[in-house]
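Data block below; observations after.
Starting from 1, each residue takes its place in the sequence as its number. Since the model is a prediction, treat every value here as computed from it, not as a measurement.
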Amino acid sequence: MRTSTMPGADDAAAIERTYRESSGQVVATLIRLFGDIDLAEEAVQEAFAVAAQRWPATGVPPNPGGWIVTTARNKALDRLRRESSRYSREAQAALLHADAGSPDAGPVPDDRLRLIFTCCHPALAAEAQLALTLRLIAGLQTAEIARAFLVPEATVAQRLVRAKRKIRAAGIPYRVPRDAELPDRLPFVLAVIYLVFNEGYTASAGDDLIRSELCAEAIRLARLLAGLMPDEPEVRGLLALLLLTEARRPARTGPGGSLVLLPDQDRGRWDRAMVAEGQDLVRACLRVGRPGPYQLQAAINAVHSDAPTAAQTDWGQILALYDQLIEIAPTPVVALNRCVAVAEVHGPGRALELADGLDLGEYHLFHATRADLLRRTGRRGEARAAYDAAIARASNKAERSFLQQRRDSL
């Protein structure tokens with residue numbers, strides 16, 4: 001047994017890894033047991049604080065996630081017992097609930113997927129639903145959620161506080177929605193899973209480009225959702241989109257974790273089984289004939305995956321799909337992505353005209369896209385300035401390094 005109680009590098013890494021991989025599951029489990037978001041979050045934080053004290057001396061347990069679940073549950077129970085005189089019935093009911101074991105899972109057997117559906121309650125504002133579920137399910141911090149929504153951090157903090165207050169004041173139950181309620185909540189559930197994957201595929205901050213555990217969790221949730229709602233084409237479209245995107249991940253980083261853009265990737269490293277599954281799902285969606293945003297994005301990625309080389313990409317078909325997508329999802333980010341296809345079909349000059357009309361000044365990829373278009377049109381001085389703007393707004397080290405190399409090449 002080790003005698004030091006100061007966490008070394010290995011201990012710290014184990015605690016961080018366990019937090020990234022398990023915190024969302026533990027929070028979801030405790031919310032199901034106790035029906036209190038704040039209690040669950042605080043108990044999980046306390047459990048990790050205990051881990052930081054004990055693991056350096058006792059070693060990392062064989063099942064770190066299970067250890068955190070047990071410790072957090074005990075912390076929550078201790079708090080309820082201390083406060084039982086203040087909360088009385090609610091505390092005793094929660095204690096009985098927690099000691100009784102898991103209730104019937106109903107139509108949604110997974111704690112995290114059930115929690116997503118529960119938080120996507122129509123009584124909450126749409127922005128609050130997404131922010132709260134990203135916080136609870138993916139363990140994203142306020143700053144990371146703010147970057148996902150392209151809004152100030154203070155705005156997200158207010159949304160989280162209001163959502164928790166609304167749940168408590170309105171007595172919104174922590175239960176599995178009835179089958180008839182699932183479709184109404186589906187758009188927000190899909191958005192949450194999509195945003196969790198995006199945070200995993202390009203981490204909003206930190207040294208690493210990719211958080212693989214979030215990518216895997218988003219795909220797992222999408223598969224569960226596809227099994228729960230097999231007749232919803234947008235569910236299959238989302239799963240196809242995630243699979244086709246994830247299939248490229250092995251080729252997306254170079255030595256030292258450096259970023260490799262799609263045109264420069266070694267396509268032999270793509271996961272062909274995952275590509276095939278994604279393409280099969282896209283074809284199944286096309287047969288239904290009810291196109292939606294996720295199906296169209298999946299179709300765009302399917303076209304990319306069809307091309308043996310970047311030069312053989314059917315950009316005309318991709319632009320046509322973007323034209324459909326922007327009709328049903330006319331967002332500035334979709335319009336920016338469409339500019340990339342416009343540049344390939346009609347030239348970078350036309351794409352730059354379209355990009356300059358977008359209101360995305362705080363989005364680092366907006367400036368990165370403009371920088372590339374300016375470079376391709378020979379406006380090198382303006383391109384350098386655009387790269388500087390992108391670097392200043394990028395929080396991920398791998399992205400900043402890539403953008404700096406592009407700028408230096410000018």
Side-chain angles (χ1 to χ4, degrees), residues 20-21 24-25 108 110 112-113 115-117 120 130 133-134 137-140 144-145 148 185-204 208-253 260-262 265 267 269-286 288 290-306 318 321-322 325 328-329 331 333-334 337 365:
R20 287 160 63 112
E21 294 176 355
Q25 177 64 57
V108 186
D110 181 83
R112 273 185 275 195
L113 188 57
L115 180 57
I116 291 175
F117 271 110
C120 291
L130 296 176
T133 46
L134 285 174
I137 299 300
L140 300 191
E144 294 171 324
I145 299 171
R185 304 191 195 185
L186 181 60
F188 300 103
V189 174
L190 293 173
V192 166
I193 296 174
Y194 177 69
L195 290 171
V196 169
F197 181 86
N198 280 353
E199 176 62 26
Y201 201 68
T202 305
S204 57
D208 297 328
L209 179 67
I210 295 167
R211 295 179 60 183
S212 58
E213 78 282 355
L214 288 184
C215 293
E217 176 62 10
I219 291 174
R220 188 187 72 84
L221 291 170
R223 288 193 187 280
L224 285 172
L225 193 59
L228 179 69
M229 309 178 77
D231 297 327
E232 289 288 345
E234 274 291 82
V235 174
R236 285 188 288 181
L238 175 64
L239 178 57
L241 172 60
L242 302 192
L243 290 172
L244 290 167
T245 307
E246 174 70 2
R248 301 197 297 264
R249 184 162 64 88
R252 191 163 173 260
T253 52
V260 181
L261 293 185
L262 177 60
Q265 290 176 9
R267 299 185 177 216
R269 297 181 63 197
W270 289 1
D271 187 324
R272 284 297 159 187
M274 204 171 281
V275 167
E277 184 182 0
Q279 289 179 332
D280 286 344
L281 286 166
V282 169
R283 284 190 285 269
C285 290
L286 293 175
V288 174
R290 289 162 46 198
Y294 297 109
Q295 296 172 72
L296 289 170
Q297 290 179 75
I300 290 167
N301 279 271
V303 175
H304 279 297
S305 67
D306 277 336
I318 289 175
L321 288 167
Y322 268 118
L325 178 59
I328 60 177
T331 69
V333 173
V334 170
N337 293 336
L365 292 181

For T253, check side chain to side chain donor-acceptor pair (under 3.5 Å) against everything at least two apart and list the hits.
none
Is any side-chain heavy atom of V189 closer than 4.5 Å to a side-chain heavy atom of L221?
no
d(Y194 OH, L238 CG) to nearest 0.5 Å is 9.0 Å
Gap between atom CD of E199 and atom CD1 of I145 - 0.5 Å precision:
9.0 Å
Show your reasoning for whether side chain to side chain contact (heavy atoms under 4.5 Å, CB included) applies to L209 and T202.
CA-CA 5 Å; L209 179 67; T202 305; 4.1 Å; yes
Which atom pair, heavy atoms only, marks the closest approach of C285 to G237?
SG-N, 3.7 Å
How close do C120 and R185 get, heavy atom to heavy atom, and via which atoms?
O-CD, 2.9 Å
So which heavy atom on R211 is nearest to which on L140, and how close?
NH1-CD2, 3.8 Å
Would you give the length of the straight line joining atom CG of L214 to atom CZ of F197, rounded to the nearest 0.5 angstrom?
10.0 Å
Non-hydrogen side-chain atoms of I193 and L242 separated by less than 4.5 Å
yes
With side-chain hydrogen bond (donor to acceptor under 3.5 Å, both in side chains) as the rule and sequence neighbours excluded, what pairs involving residues 272-281 come up?
R223-E277, Q279-S305, Q279-D306, D280-R283
Does R112 reach the side chain of L224, with side-chain heavy atoms less than 4.5 Å apart?
no
R252 and Q265 side chains, donor-acceptor separation under 3.5 Å:
no
Write down the atom of A191, the atom of L130, and the distance for their closest heavy-atom approach.
CB-CD2, 3.6 Å
Any heavy-atom pair between the side chains of D271 and V275 that's under 4.5 Å?
no
In Å, rounded to the nearest 0.5 Å, how long is the span from CG of L190 to CG of L195?
11.0 Å
Is the shortest heavy-atom distance from the side chain of L296 to the side chain of I328 under 4.5 Å?
yes
Between F117 and L228, is any pair of side-chain heavy atoms under 4.5 Å apart?
yes
Please round to the nearest 0.5 Å and tell me the distance separating atom CH2 of W270 and atom CD of E246.
13.5 Å
Validation row: L186, L225 side chains within 4.5 angstrom (heavy atoms)
yes
To check you understand the geometry: which heavy-atom pair defines the closest contact between A240 and V282, and what is its length?
CB-CG2, 3.9 Å
Which atom pair, heavy atoms only, marks the closest approach of P250 to A247?
CD-O, 3.4 Å
For the side chain to side chain contact (heavy atoms under 4.5 Å, CB included) test, which of T245, I318, L244 pairs with H304?
I318
Nearest-0.5 Å distance, CG of residue L241 to CD of residue E234
10.0 Å
Is there side-chain contact between T133 and L115, with at least one heavy-atom pair below 4.5 Å?
no
